[in-house]
Protein chains: 2
Amino acid sequence: MPIVQREIHRFQNFLVAQGLKITNERTALVREIFSTHYHFDADELLFKMKEKSVKISRATIYRTLELLVRSGLVRRVHLGEDHYHYEYVSGNSHHDHLICTTCGSVIEFHDPSLEARQLEICERKKFTPTFHNLQILGICDACRRKGEQPASPDRVQMITEDAMQLRK
Amino acid sequence: MPIVQREIHRFQNFLVAQGLKITNERTALVREIFSTHYHFDADELLFKMKEKSVKISRATIYRTLELLVRSGLVRRVHLGEDHYHYEYVSGNSHHDHLICTTCGSVIEFHDPSLEARQLEICERKKFTPTFHNLQILGICDACRRKGEQPASPDRVQMITEDAMQLRK
DNA sequence: TGGCTATTTGAGACTAAGTCTCAGTTGCAG
DNA sequence: CTGCAACTGAGACTTAGTCTCAAATAGCCA
Ligand SMILES: [Mn+2]
Ligand SMILES: [Mn+2]
Ligand SMILES: [Zn+2]
Ligand SMILES: [Zn+2]
């Protein structure tokens with residue numbers, strides 16, 4: 001069975017287990033999300049569905065994203081912009097993000113020793129962590145070679161948004 | 001000279017250096033910010049100034065906060081809520097945050113070996129970091145003793161907001 | 001000590017992202 | 001099939017923040 005189908009099934013199992021219904025809208029959305037899996041935001045999703053002439057309202061997009069997050073199949077993340085992004089997380093693999101403030105590109109990484117160190121800090125502070133959120137902003141290799149200079153932190157947000165616009 | 005006065009001077013130097021003006025509104029705001037220094041948001045600041053019957057508009061609050069961030073005296077941070085928080089950073093001391101999803105309390109920490117590990121990761125990915133943002137969400141010691149259970153990640157945002165409301 | 005002018009301010013319109021409401025529709029258990 | 005709880009879409013609403021523009025003011029210069 002192709003991966004997309006399997007993940008759709010997982011989501012449907014979740015729905016049934018919660019006493020929720022399997023609707024055409026939900027299935028169309030998760031098919032889209034699981035097939036293109038990368039970082040996206042609600043507006044992009046709305047737009048893509050419109051492109052494919054699948055009629056789905058903004059309210060349903062947001063409501064389904066919430067369900068997907070609850071089901072554990074999708075994660076909601078900050079990527080240095082003023083709105084949330086979402087990402088399909090196959091097999092629970094946690095990772096954090098390097099975000100280029102010039103071109104908007106996102107590099108994923110997972111570093112067990114970084115995670116371990118975080119746990120040590122929590123232990124020292126008698127804090128029981130549930131999850132965390134780490135973004136490192138800066139300049140990617142490609143942009144650095146092109147001679148881009150690091151932005152000062154205050155300008156980063158603005159620039160990142162410009163970069164994201166450009167990518168579209 | 002008291003610390004507050006010295007920091008006010010620093011900000012005023014910044015203004016003059018940038019060809020900007022030292023106004024009553026700006027001085028009143030930075031006095032407030034530098035004297036109570038902890039995490040706050042724009043609305044809290046607006047409210048505090050109203051309490052003290054210092055008339056300052058929302059626009060000016062946001063505009064002055066932007067200047068403070070540009071000057072390096074104040075940092076804008078995410079604390080797991082849907083809006084920004086700000087904090088007065090005396091002497092450039094970088095730190096990250098542990099945030100209790102039950103009571104909303106914030107624990108600051110600085111860990112050189114964690115920072116070093118982040119730099120190693122960037123190096124490996126040929127990424128030139130400018131700054132980063134790390135929040136660890138979970139349960140603080142006090143709340144854990146009271147028998148609070150960790151929230152599932154999806155509920156954390158909502159709960160954190162409730163906790164923040166309660167604190168006010 | 002004014003006067004001049006670029007900068008700043010405040011009121012409120014506007015925007016972006018997301019939530020909520022409610023009337024009409026649909027999935028699905030019995 | 002039928003009934004009804006769950007769901008959807010349209011659009012009103014909210015929140016956080018930005019923008020506009022006319023009136024006010026800081027501070028340079030005579
Ligand atoms: Mn990712
Ligand atoms: Mn802090
Ligand atoms: Zn780049
Ligand atoms: Zn707590």
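Below, each value reflects all heavy atoms present in this structure, side chains not excepted, and no hydrogens, waters or symmetry copies. In this text, all values refer to a predicted model and were calculated from it rather than measured experimentally. Proteins come first, then strands; the chains are lettered A, B, ... in the order of their sequence lines, and each starts at number 1.
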(Q) Reading DNA chain D from 5' onward, which residue's closest nucleotide shows up sooner: A:Ile56 or B:Ala42? (A)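 It is A:Ile56, whose closest nucleotide lies nearer the 5' terminus.
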
(Q) Between B:His85 and B:Glu44, is there a side-chain donor-acceptor contact under 3.5 Å, judged purely by atom types and distance? (A)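 Looking only at side-chain atoms, B:His85 and B:Glu44 do not form any donor-acceptor pair under 3.5 Å.
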
Q | Out of D:dG27, D:dA16, C:dG18, whichever nucleotide has its closest atom nearest the side chain of B:Asp43 | A |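 In terms of side-chain proximity for B:Asp43, the closest of D:dG27, D:dA16, C:dG18 is D:dA16.
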
Q | Pairwise salt bridge (Lys or Arg N to Asp or Glu O under 4.0 Å) hits with a residue in residues 14-25 of chain B, at least two apart | A |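 Residue pairs with at least one partner in residues 14-25 of chain B: there are none.
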
Measure [atom1]/[X] against [atom2]/[N] and give the value in whole Å, please.
X: B:His78; N: D:dA16; atom1: NE2; atom2: P; answer: 13 Å
X: A:Lys55; N: D:dT8; atom1: NZ; atom2: P; answer: 15 Å
X: B:Leu15; N: D:dC28; atom1: CG; atom2: P; answer: 13 Å
X: B:Asp41; N: D:dT15; atom1: CG; atom2: P; answer: 13 Å
X: A:Phe14; N: D:dA6; atom1: CZ; atom2: P; answer: 15 Å
X: B:Glu44; N: D:dA16; atom1: CD; atom2: P; answer: 11 Å
X: B:Leu46; N: D:dT18; atom1: CG; atom2: C1'; answer: 15 Å
X: A:His83; N: D:dG17; atom1: NE2; atom2: C1'; answer: 15 Å

Under 4.0 angstrom between [X] side-chain N/O and [N] OP1 or OP2:
X: A:Tyr62; N: C:dT19; result: no
X: A:Thr23; N: D:dT8; result: yes
X: A:Arg58; N: D:dG9; result: no
X: B:Ser57; N: C:dA11; result: no

Side-chain donor/acceptor pairs under 3.5 Å, residues 118-125 of chain A, sequence neighbours excluded:
| residue | atom | partner | partner atom | Å |
| --- | --- | --- | --- | --- |
| A:Gln118 | OE1 | A:His132 | ND1 | 3.2 |
| A:Glu120 | OE1 | A:Arg117 | NH1 | 2.4 |
| A:Arg124 | NH2 | B:Asp111 | OD2 | 3.1 |

Q | All side chain to side chain donor-acceptor pair (under 3.5 Å) counterparts of B:His95, not counting sequence neighbours | A |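 Applying side chain to side chain donor-acceptor pair (under 3.5 Å) to B:His95 gives B:Glu87, B:His97, B:Glu108.
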
**Q.** Residues in side chain to side chain donor-acceptor pair (under 3.5 Å) contact with B:Asn13, at least two apart in sequence or another chain
**A.**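 So B:Asn13 forms no side chain to side chain donor-acceptor pair (under 3.5 Å) with any residue.
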
Could I get a table of every N or O pair under 3.5 Å where one atom is in the protein and the other is in nucleotides 22-25 of chain D?
none

Non-neighbouring partners of [X] that pass side-chain contact (heavy atoms from CB on, under 4.5 Å), sequence neighbours left out:
X: B:Lys52; result: B:Glu32, B:Val54
X: B:Ala59; result: B:Ser57, B:Arg63
X: B:Asn24; result: none

Q. Looking at residues at least two apart in the chain, or sitting in another chain, which of them share a salt bridge (charged side-chain N to carboxylate O under 4.0 Å, His left out) with B:Glu7?
A.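 With neighbours one apart ignored, the set is B:Arg10.
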
Q: Apply salt bridge (charged side-chain N to carboxylate O under 4.0 Å, His left out) to B:Arg31 and list each qualifying residue two or more places apart in sequence or on a separate chain.
A: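 Result, salt bridge (charged side-chain N to carboxylate O under 4.0 Å, His left out) vs B:Arg31: none returned.
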
(Q) Return whichever of B:Leu67 or A:Val16 has its heavy-atom-nearest nucleotide of DNA chain C closer to the 5' end. (A)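 The residue whose closest nucleotide sits nearer the 5' end is B:Leu67.
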
**Q.** Pair B:Arg70 + B:Glu66, salt bridge at N-O below 4.0 Å
**A.**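 Here B:Arg70 pairs with B:Glu66 in a salt bridge, since their nearest N and O are under 4.0 Å apart.
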
Q. Applying the 4.5 Å side-chain criterion to the ILVMFWY set and letting contacts propagate, would A:Phe131 and A:Phe127 be lumped into a single cluster?
A.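 No.
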
Q) At how many degrees, to 10°, do the end axes of the helix from C:dT1-D:dA30 to C:dG30-D:dC1 meet when each uses five pairs? A)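 About 20°, once rounded to a multiple of 10°.
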
Polar atoms only, N or O, under 3.5 Å: list the protein pairs with nucleotides 20-22 of chain C and their distances.
none

